[in-house]
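In what follows, a single structure is set out as structure tokens and then discussed.
All values below were derived from every heavy atom in this structure, side-chain atoms included, with hydrogens, water molecules and symmetry-related copies excluded. Chain A is the first sequence line, chain B the second, and so forth, proteins listed ahead of strands; every chain is numbered from 1. What you see is a predicted model, and the numbers here were worked out from it, not measured in a lab.
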Amino acid sequence: MSIQTLFSSPLRVVNVGIESFKEACVQAGAEAVQVDWRPPVDVAPDAESILAKRQARIEKANQKVLDIIQAGTPKLVGLDIARNVIPGMTDNTILHAGPPITWDRMCGPMRGGIMAGLVYEGRASTIEEAEALAASGKIKYAPCHEHGAVGPMAGIITPSMPVMIIHNEKFGNRAFCTLNEGLGKVLRYGAFGAEVTQRLKWMENTLYPVLKAALAHTGPIDLKNMIAQALHMGDEVHNRNRAGTSLFYRAIAPAIVTTCENKEDATAVLNFINGNDHFFLNLSMPACKAVLDAARDVPGSSIAVVMCRNGTDFGVQLAGTGNLWFTAPAEVPDALYFAGFSKDDANPDIGDSAITETGGLGGFAIAAAPAIVQFVGGSAADALRYTHQMYEITAGESRMYQIPALDFRGTPTGIDVRKVVEKNIVPVIDTGVAHKQAGVGQVGAGIVNAPMGPFVKGYEALAKMLK
Amino acid sequence: MMKIVGSVKQGFYFDSVTLMRVGRELTGLPGVAEASVVMGTEANKSILKMSDLLLPEFKKAGDQDLLVAIRAKDAKSAEAALQKAAELLTNKKKPATAGATVPAPRDMASAVAALAGANLALISVAGRYAAREARKALEQGLHVMLFSDNVSVEDEVSLKKLAHKKGLLVMGPDCGTAILNGVPLAFANVVPRGPIGVVGASGTGMQEVTCIIANEGSGITQAIGTGGRDVKDAVGGISFLDAMAALAECPHTKVILLVAKPPQPGVLKKVYSLIRRIPKPVVALFLGEGDRPATLEEAALLAVAHANGQDPAQALAHLTRRDAVLAAEARQLVANRRKPQGRYLRGLFSGGTFCAEAQVVLDGILRNVTSNAPLGDSRKLKNSWHPEKNAVIDLGEDEFTVGRAHPMIDFTLRNKMILEQAADPETAVILLDVVLGHGANPDPAAELAPVIRQAAKKVFVVCGVTGTIGDPQNRARVVETLRAAGAHVQLTNAAACKLAGLLVAEMARKPR
């Protein structure tokens, strides 16, 4: 707009700074908007100007990433045993949640989960033996994320565990996730003992074959469609999966009844799914993983394809920075704690489930899940505010996943590390909180902020690459 | 012959209720016999087939593809309906109407998205962040007013070059005032619209001339600030010249008024060269340089005279008569004073340009006026905190403002100095500026009156009030309160300076 055009147009003012200046404009009849300005985060000198200079290239790369995310078609196509399908899985491999970590730095729940996994695998007969083996150096630990997989909480995947296979039909890549164990003493919270092993064995011997047969009968299940529906039914598919689980149950139940000849097994499997509101979490997570993995390795892109935590570190990967991990200490969530627990009991943030936020769901879609806003400490308006805020740091809006309360606006999708750093807004994650001692389980839930550190590192690394 | 057209949009998901509503709206369009908007599921496709709307291109469509099919009486209405469908579906994707739950935008881009047609960014964040925000605003196509100071000259130049290239205006850094399209920005007065366009590299100077213009019954088209450094050769007057050129083109601007401390030679040359090319009267005041106009008051009155088609000489003659009245008043006041104290003037200014104008006005009346911000013949004051003899102090200079709010907002420091100066037996007159308008102290009289009351027992207190009757502080009440406290109030800074100078001159003549 030329100066001359400005003279003949109604003045519309963006006010950045002293708020009373805006009031004076408004009093004089001008439209004005106040920017909720905060000082930017400190980054390496030049990083911002390099990224600004490369803006066109970054935007182009980001558009490509966004297109890939939008076009992804995650479908549940089958189940198999981890060692048969997960690339790079060996008998001595154990996959875990979050960025890479060595045994000595692992938190309690993760160690507990690994020990439980070794007992389950028959590699150790007692927990002590398992601990010795775990620390011996014979076991190779690797992030699920580096093997096309994701896991909630400790995210432990051992070679014999059954996993669900999600196929991103459009791009041909696959993602894997274990079956959700339910609540109580469960491995993902680091519990070990007979009860845990027994359940895992039942999952391997009953749940897995029954589901596998049923799925062969139904054919691939379209998870994108199911997530979109679940959002309309009050889920954000991270901390609330009741609708998603119900939809999955509706899809699979007739097939289970049809294909499972043993009535007892069929009943047990149906009751197991029906009794676990989070069953669908282990589908929404790999669905996001399958979609985001297709968007990896787009040079120049500033969009995050991974956010995850191992209970010690918080890790981020960007589409434009290959396999580099950007990490910072995971924070103890400032969440709502169940009766009898407090922040002192909480483990630092843990799990791969932040893949849902990375994919534009979870905390980013919490406006779709008013039923849980009290659980996460606020009113329905707070939930809307969280989602609104996340539009500030995303590259686009989902064409598929929509929020009824925002007039079916698409969820904020594609976290742009530039926006995170330059606006000083970190992603919100709608998560459960684990007890810091192995095996106690969930002690709280809430909206937690990702730490800024990994985003700053990613921002600087991208600038270095584009220099 | 009915025409059937359709479109497939891949990967767009809508719930069926939304789609039914869109379909119904399309069916109501002129010439449209039937419209169907559905997701491409097998079930939907078979429904389309039954109504003969299953176009060949639909056959491959899947669950996540959006199908639009129109049957209309002719191709034109069919295409129109298809276009309407695209429009309706795009609208459905628009953000929900802003409510209390929508948080304030966190940066320039989001703000521009939130305020359709945004055209100016007013930036007042700390200096080291300000250039970054200004750059973002320019990139968004916004004009910029940079209130912030402490922006490097390199940043200023690069911002202004970018703006110039884009045909945008950067006012500032350190631009305290502007009035655009009648809207006061930052520290600005309520001034009616009228025929005079103002460009200023001096904030308080612009406030003063715009107030005088308003008080004379005229008004302004625009008052464009540039920041003081713009007229230095390092910046090259980029904004000053752009603003002049814009006002030259502006059909509502009949007269252009320029206000600045003297530009550096390179800039001055360009300014004069541009003035010669502008076919409108241009009144230029470069304070401390040239003799007519010499003051803000003269410049403003000349501009008003031009605007009203009056003889400029008449306007200045009016000032000569006014000065005679002030002289008589000064004589009277000194004569009536029972125990007059001291023989020197102490000016305590919150506005830098007022301090400069004071030196110009006093130059003809008093000798050896010193200042912490000396202009022309004035000499540098030795110690800003302890003025001696005739001294005028700019309290907006760095030595006073580090760690403090600007003296135009926070009166604490000046109030303290007023009392100190009144207590000095050398002081005869204390001269003050009182600036009204948006951004200034909301109730200056209430803060000043007790101090003036005390000071006026010993010395003459003269106040120049800069403001208009439209200003939020209620000028009449301010003047009345100051007078009741014992101050001698003038409605221009020049008149106040003149009266103060004449009082000191009278005091010097008075036998002791």
Judged by atom type as modelled, is there a donor-acceptor pair below 3.5 Å linking the side chain of [X] to the main-chain atoms of [Y]?
| X | Y | result |
| --- | --- | --- |
| B/Asn181 | A/Ser9 | yes |
| A/Asp36 | B/Arg106 | no |
| B/Asp107 | A/Glu392 | no |
| A/Ser2 | B/Gly167 | no |

Does any heavy atom of chain B fall under 4.5 Å from the side chain of [X], the backbone, both, or neither of them?
| X | result |
| --- | --- |
| A/Ala71 | neither |
| A/Gln4 | side chain |
| A/Ala52 | neither |
| A/Ser20 | neither |
| A/Pro404 | neither |
| A/Glu422 | both |

Any B/Thr221 side-chain heavy atom under 4.5 Å of A/Phe7 side chain
no

Does any part of the side chain of A/Ile3, heavy atoms only, come nearer than 4.5 Å to the side chain of B/Leu168, both counted from C-beta?
no

A/Val33, A/Thr5, A/Val13, A/Leu6: which one forms the most heavy-atom pairs within less than 4.5 Å of chain B?
A/Leu6

Please classify the contact between B/Leu185 and chain A as side chain, backbone, both or neither, with a heavy-atom cut-off of under 4.5 Å.
side chain

